[in-house]
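As structure tokens, the structure follows; a few thoughts come after it.
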Amino acid sequence: MQQHIVDQHWECFGPAEHAVWQTLYARQMQLLPSVACDALVQGLAKLPLQSDQIPHFGRLSDALQRLNGWSVVAVEGLVPDAVFFDMLAQRIFPAGNFIRGADQLDYLEEPDVFHDVFGHIAMLTHPVMADFMQLYGQAGYKAMALGRLDNLVRLYWYTVEFGLVLERGQPRIYGAGISSSYGESRFSVHSTSPHRIRFDLERVMRTDFRIDDYQPTYFVLDKLEDLLALEHIDFGPLYERLGTGPTYSPNAVQPSDTVLHHGDGSYHRSKLEAVC
Ligand code: HBI
Ligand code: FE
């Protein structure tokens, strides 16, 4: 793991890079209170973040460690899956040591400091996410050993990255991939085009995802604590079942889905069910 960790050299970030942080931070701080879950809004307030500067990882890590034992290290980009799992299992979060260009505000190839800090670390301040991310790291090895990593990555994708949670009857953002994206923050909560389906573990682990556009489907938790129910699941038999059976396209609604109706936040059975 150590060879993937670099010094942040915070003093090497120039005014142009701090300005990109300032733009991204201002846009999201203005938008999120109306679309994000309470845990995310409160999490951002708990962290020592500045509006006009890329965060100093040493200070950020100290604050997080005092809160729940998680620490932050700087990495240059994506680290190998096994290394990522190893870090998460030890409550170490690898944050990108770079920031996107001013001409790429809305497009991201690899997780940069804004995605990782503003998206992931803000949610890591919540005890449920702090425990879930460590569980995910611990589960990573088993999934790799059983050849079921794809299924586990889908779970991560549709929760930690692109998850929604019902709050006061409305879908709210907790996924980092959404909360760090101006366009997707609005799309995921306000647009009528994506499907919003009640979270179901096996359904999620069978559902493919897209990395090059907004998600056509979001899965909605009834409450964040539902993530910790996964701690009591024996993934063995589940991985057995996942070895056969369907892989779902991200665009389709399945007959067994419980679809969240846009607007009044009410759940109802999927359209397909109503027809047959
Ligand atoms: N590395 N730095 C970094 N950040 C990630 O989010 C990350 C990674 N490596 C692998 C990875 N994510 C995903 O493939 C995990 O779901 C395994
Ligand atoms: Fe991420």
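Each ligand, and each atom within it, is numbered from 1 in the order the structure gives. All values derive from a computational prediction rather than experimental measurement.
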Just the distances, no angles: every ligand 1 N or O to protein N or O pair closer than 3.5 Å, one line each.
| from | atom 1 | to | atom 2 | distance (Å) |
| --- | --- | --- | --- | --- |
| ligand 1 | 1 (N) | V79 | N | 3.0 |
| ligand 1 | 2 (N) | G77 | O | 3.1 |
| ligand 1 | 9 (N) | V79 | O | 2.8 |
| ligand 1 | 14 (O) | D81 | OD1 | 3.2 |
| ligand 1 | 16 (O) | Y136 | OH | 2.8 |

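The ring pair (Phe, Tyr, Trp, His ring centres under 6.0 Å) test with Y156 singles out one residue from Y136, F219, F85, and that residue is Y136.
Residues satisfying the salt bridge (Lys or Arg N to Asp or Glu O under 4.0 Å) criterion with D62, sequence neighbours excluded, are absent altogether. Applying the salt bridge (Lys or Arg N to Asp or Glu O under 4.0 Å) rule to R168 yields the partners D38; only residues at least two apart in sequence or on another chain are considered.
Contacts classified as ring pair (Phe, Tyr, Trp, His ring centres under 6.0 Å) and involving residues 228-255 (residues at least two apart or in different chains) are given here: F235-Y239.
Taking the Fe ion (ligand 2) as reference, E161 places its N/O/S atom OE2 nearest.
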Exercise. Start with the C-alpha distance between V259 and H195, add both sets of side-chain angles, then the distance that settles side chain to side chain contact (heavy atoms under 4.5 Å, CB included), and finish with yes or no.
Key: CA-CA 7 Å; V259 179; H195 302 304; 5.6 Å; no
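The environment of CD in E109 is sparse: at most 12 heavy-atom neighbours from other residues, nucleotides or ligands sit within 6.0 Å.
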